*Asks:* 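Right, I'll just put the structure down here and ask away after.
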Amino acid sequence: MQLDGRVAIVTGGGDGIGAGVARRFAAEGATVLVADVNEETGGAVADEIGGRFLRTDVGDKSQVLEMVATAVREWGGVDILVNNAWAPGELGRVENKTDDMLARGLGIGFYGPLWAMQAAFPHMKERGWGRIVNMCSLNGVNAHMGTLEYNAAKEALRTLTRTAAREWAPTGIVVNAICPGAKSAAFRRRMRENPELEKASGAMNPMGRMGDPEQDIAPAALFLASEGARYVTGNTLYVDGGSHINGVAWTPDLP
C-alpha cells in the first residue's frame, strides 16, 4: 500500500492511461478524485475504485481551481496530482493550423496543468510533501506530423515540469514527466481513423507492442507518486517500450 492515506487527483481519469493510473493508485491505498469531462466514463471509474468523480474541463481555469478546492474540502489537501487530460483534435499540416486550434491545445495541454499545479502548490508545500506527474508525449519529442498543437503543448508541459521541479525542490515537492507509449484513448481514436497503422505501430516498437495503460504505464506513475521518488525530480521517464530510441517513422498522408 505505497499510497496509503494519500489524496490524489487524476485528470482525464475516465479512460485510457488516466483510468489505469486511477485504478492503480486506488489499489495502493490512495483516495482518488477522478476529474474528467466525460461524466459516463469518469463516473464509472470513480465508482469502480471507490473514489470521487468531478466533471472537469481542464481548459477552463475556474473548473480546474474547483477541482483542487474539492479535494481540499473533502479530504483536507492534495498529495498527488497527475495531469493527464487531453481532447484529441484533427490531423493537419502546420500551414493549416488555426489560432483556435493552437489556443485549444495549449489551454488543455499546458494551461490546465499549470493552473492545477499552482492551485495544489500551497497545500503540498504546507505538508512538506507532494508528487506531480505530468503526462507528456513522444509526439513532441519526435515531432510527429499533423499534431502541432499537441506537440507544442506537451513540450511546453515538459518545460513547466523542469522549471517547477527546480523552483520547488526545497519544499518536498517533486515534479516529473512521463512520455508513454500506450493504447490511450487518443491512440485508439487515431487507429480507428487510420486502421492500416495499428499493426505498423506495434511493428515500430522495439518490444513489438504498444503498452497497456494499467499494466505498463501506471506502475511508473505509481513510483513517481510514491515515497521512493523523494530524490527524483525534473525528469522525463520514457515508458514506451523503447520507442524513443529510434524515433517514429509514421508519415500520415496529410491533405
Side-chain angles (χ1 to χ4, degrees), residues 3 6-28 30-75 77-89 104-120 131-137 139 149-150 153-154 157 177-178 180 182-192 211-218 220-222 224-225:
L3 304 183
R6 300 297 185 187
V7 175
I9 297 174
V10 180
T11 71
D15 196 3
I17 291 172
V21 170
R23 291 185 181 106
R24 189 59 179 264
F25 282 13
E28 292 289 338
T31 299
V32 181
L33 174 62
V34 177
D36 201 294
V37 73
N38 189 313
E39 296 184 19
E40 181 179 356
T41 59
V45 172
D47 289 343
E48 174 191 337
I49 65 176
R52 164 84 149 82
F53 170 73
L54 183 67
R55 187 188 184 283
T56 307
D57 177 356
V58 298
D60 183 328
K61 185 174 183 179
S62 64
Q63 294 188 39
V64 173
L65 298 183
E66 178 58 26
M67 173 187 77
V68 175
T70 297
V72 173
R73 280 197 309 268
E74 297 203 3
W75 303 304
V78 178
D79 300 297
I80 302 162
L81 171 64
V82 179
N83 287 307
N84 168 76
W86 178 257
R104 176 177 177 274
L106 289 170
I108 296 170
F110 174 73
Y111 281 106
L114 171 62
W115 297 327
M117 290 168 64
Q118 290 174 328
R131 300 289 185 267
I132 297 173
V133 181
N134 291 326
M135 290 295 173
C136 295
S137 177
N139 279 46
E149 63 271 41
Y150 182 69
K154 292 301 186 178
L157 183 56
I178 291 177
K183 295 179 180 179
S184 64
F187 174 85
R188 297 197 309 271
R189 177 176 181 266
R190 202 65 75 199
M191 291 307 101
R192 286 195 299 270
D212 178 80
E214 191 166 354
Q215 300 301 317
D216 295 317
I217 311 303
L222 172 62
L224 293 177

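Both backbone and side-chain heavy atoms feed into the values below; hydrogens, waters and symmetry mates do not. Because the structure is predicted, anything quoted here is derived from the model rather than measured.
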*Asks:* Any idea which heavy atoms bring Ala153 and Gly105 closest together, and the distance?
*Replies:* CB-O, 3.5 Å

*Asks:* Looking at every non-hydrogen atom in both residues, tell me the closest pair between Arg52 and Leu54 and how far apart they are.
*Replies:* NH1-CD1, 4.0 Å

*Asks:* How long is the straight-line distance from CG of Asp36 back to CG of Asn84, given to the nearest 0.5 Å?
*Replies:* 9.0 Å

*Asks:* For Thr11 and Thr56: C-alpha separation, side-chain torsions, deciding distance, then whether side chain to side chain contact (heavy atoms under 4.5 Å, CB included) applies.
*Replies:* CA-CA 8 Å; Thr11 71; Thr56 307; over 6 Å; no

*Asks:* How about CZ on Phe110, more than 12 heavy atoms from neighbouring residues, nucleotides or ligands closer than 6.0 Å, or not?
*Replies:* yes

*Asks:* Pair Leu224, Arg131 - check side chain to side chain contact (heavy atoms under 4.5 Å, CB included), show working.
*Replies:* CA-CA 7 Å; Leu224 293 177; Arg131 300 289 185 267; over 6 Å; no

*Asks:* Report the distance from atom CG of Leu65 to atom CH2 of Trp115, rounding to the nearest 0.5 Å.
*Replies:* 8.5 Å

*Asks:* Shortest non-hydrogen contact from Gly12 to Ala85?
*Replies:* N-CB, 3.6 Å

*Asks:* Can you name the nearest heavy-atom pair linking Ala116 to Asn83, along with the distance?
*Replies:* CB-OD1, 3.8 Å

*Asks:* Salt bridge or not between Arg73 and Glu66? Use side-chain N to carboxylate O under 4.0 Å.
*Replies:* yes

*Asks:* Checking Asp15 against Asn38 for the side chain to side chain contact (heavy atoms under 4.5 Å, CB included) test, could you report, in this order, the C-alpha distance in whole Å, the side-chain angles of both residues, the deciding distance, and whether it holds?
*Replies:* CA-CA 9 Å; Asp15 196 3; Asn38 189 313; over 6 Å; no

*Asks:* Nearest 0.5 Å please: distance from the CD1 atom of Ile9 over to the CG atom of Asp79.
*Replies:* 10.0 Å

*Asks:* Of all the heavy-atom pairs spanning Ala71 and Leu33, show the shortest one and how long it is.
*Replies:* CB-CD2, 4.3 Å

*Asks:* Look at Arg104 together with Glu149 and state whether they make a salt bridge at an N to O cut-off of under 4.0 Å.
*Replies:* no

*Asks:* Out of curiosity, Glu40 CD to Arg55 CZ, how far, rounded to the nearest 0.5 Å?
*Replies:* 13.0 Å

*Asks:* Would you mind reporting whether Val133 and Val21 have side-chain heavy atoms less than 4.5 Å apart?
*Replies:* no

*Asks:* Could you tell me which non-hydrogen atom of Ala8 sits nearest to which non-hydrogen atom of Phe25, and how far apart they are?
*Replies:* CB-CD2, 3.9 Å

*Asks:* Rounded to the nearest 0.5 Å, what separation is found between the CD1 atom of Ile108 and the OH atom of Tyr150?
*Replies:* 11.5 Å

*Asks:* Indicate whether the side chain of Gln63 and that of Asp60 have a donor and an acceptor atom separated by less than 3.5 Å.
*Replies:* yes

*Asks:* Atom CH2 of Trp86 and atom CD1 of Ile17: how far apart are they, to the nearest 0.5 Å?
*Replies:* 13.5 Å

*Asks:* Set out, in order, the CA-CA distance, both residues' side-chain angles and the distance that settles side chain to side chain contact (heavy atoms under 4.5 Å, CB included) for Thr31 and Glu74, then state yes or no.
*Replies:* CA-CA 10 Å; Thr31 299; Glu74 297 203 3; over 6 Å; no

